[in-house]
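Scroll down for the structure; my scribbles are underneath it.
We count residues from 1, following the sequence as given. All ligand and atom numbering here is 1-based and tracks the order in the structure. All values reported here derive from a predicted model rather than from experimental measurement.
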Amino acid sequence: MKITGVELRRIAMPLVSPFRTSFGTETARDVLLVRVVTPEAEGWGECVAMAEPLYSSEYVDGAAEVIRRFLLPALPPEVDAHAVGRALEPVKGHRMAKAAVETAVLDAQLRAAGESFGRYLGAVRDRVPCGVSVGIMDSVPRLLDAVEGYLAEGYVRIKLKIEPGWDVEPVRAVRERFGDAVLLQVDANAAYTLADAPRLARLDAFDLLLIEQPLAHDDLVQHARLARRLRTPLCLDESIESAAHAAAAIELGACSIVNIKPGRVGGYLEARRIHDLCRAHGIAVWCGGMLETGLGRAANVALAALPGFTLPGDTSASRRYFATDVTEPFELRDGHLDVPTGPGLGVEPLPEILDEVTTSTEWIPL
Ligand code: OSB
Ligand code: MG
């Protein structure tokens, strides 16, 4: 495919409620969308970088800059999704920026070929079970109300965000109120150190599916030490930036479960490699999220339909995040989302809504 040009579009998406994690509070998503235009088709890629470099070192202004200044100029005249990864290899890091470009090219390529993301990636299911990530709240009663609402909507698994001072008590309260049958897990976003091992071991009493990323992103060795001191399975998110990181984590015994976020690892092709590697090693994976709009969500849901995704993902319905999504909303049916079947992402941005939320556009001819 020959790319005519690329549009970088920024949209502002208010969240339905503030989302607090150990690294900060989000009240709106500032999203960078990449639209690749070719003579045959257009493709969309949603960049998952957040406004500030708190979850990882990437941030949305930086991603836009690296895309316009280094990534687009590195693309060869003829591209497909695999060629994008190879061409961008010399640029170190910036995986969220690279993922957005590769996803847009893959979407254009698949739309031109009439093939869906799910089919291309190797989906084996037509719908996926959905969990929900519940932020840190001001009080335990507020948390219980939020969890009650999500369970009533049909979510099949609850993830509680935790941090020092908000861990054992909220977990105990949710277990006491909703019982042992609820699939429950926690995510610390790197807020602890190995010195907190005794505190984290107290979570063993609550039969959690997993503890996600308790320690720093660059500390696989200490995660391996911690894993040996906990009964609850350890899952890594921030630490896994590539298949090579996943291989190292598995070899070290730093985790027994991996949260795969395509944006964090440089795209859906690398995400699939991680899935394949984990599957071969008996490591369960699930699909994480970065508060995506319907565009990013469509591809995540397709990925989550691969055979190794044996745990429910953070692939929640549109209304968990936004009053109005930029695509037709993803809606929960019986705790599941349907995998889109149309060409490419299988969803389209709704032009009027997209225009309403757009804060800037930039056209870059190639
Ligand atoms: O650590 O999984 C995380 C959202 C933003 C950044 C990091 C994380 C999250 C979530 C929400 O937990 C996942 C989602 O529902 O999209
Ligand atoms: Mg996480």
Can any side-chain N or O of [X] pair as donor or acceptor with the backbone N or O of [Y] at less than 3.5 Å?
X    : Y    : answer
T358 : I11  : no
H275 : G308 : yes
H223 : L215 : yes
E212 : D187 : no
R297 : E292 : yes
E58  : R95  : yes
D325 : G294 : yes

Tell me whether D187 has at least one N, O or S atom under 2.8 Å from the Mg ion (ligand 2). yes
Quick check: does D314 have an N/O/S atom under 2.8 Å of the Mg ion (ligand 2)?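 Here the distance criterion (N, O or S atom, under 2.8 Å) is not met by D314, so no.
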Nearest protein heavy atom with distance in Å, relative to [atom]:
atom                    : answer
atom 16 (O) of ligand 1 : L291 N, 2.8 Å
atom 6 (C) of ligand 1  : M290 SD, 3.5 Å
atom 15 (O) of ligand 1 : Y321 OH, 2.6 Å

If we only count N/O pairs under 3.5 Å, is [X] in contact with ligand 1?
X    : value
R297 : no
F19  : no
D187 : yes

What do we get for [X] next to ligand 1 when only non-hydrogen atoms under 4.0 Å count, side chain, backbone, both or neither?
X    : value
R320 : neither
K161 : side chain
D237 : side chain

K159 touching ligand 1 at heavy-atom level, < 4.0 angstrom: yes
At the 4.0 Å heavy-atom cut-off, does K261 count as touching ligand 1?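 Checking ligand 1 against K261, which is what was asked, there is a heavy-atom contact under 4.0 Å.
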Any side-chain heavy atom of R229 within less than 4.5 Å of one from P198? yes
Suppose you place the vertex at the Mg ion (ligand 2); what is the angle out to D237 OD2 and E212 OE2, to 10°?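 The angle at the Mg ion (ligand 2) comes to 90°, rounded to the nearest 10°.
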Between R86 and E89, does the salt bridge (Lys or Arg N to Asp or Glu O under 4.0 Å) criterion hold? Intermediate values first, please. CA-CA 5 Å; R86 284 194 301 274; E89 223 3 279; over 6 Å; no
Show the atoms of ligand 1 that are less than 4.0 angstrom away from any heavy atom in [X].
X    : answer
Y55  : 1 (O), 7 (C)
E212 : 2 (O)
N189 : 1 (O), 3 (C)

Option passing side-chain contact (heavy atoms from CB on, under 4.5 Å) with F206 (candidates T232, V168, V174): V168
Whether over 12 other heavy atoms sit under 6.0 Å from Y59 OH: no
Looking only at non-hydrogen atoms, which of G24, G313, G289, S133 approaches atom 9 (C) of ligand 1 most closely?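 Minimum heavy-atom distance to atom 9 (C) of ligand 1 goes to G289.
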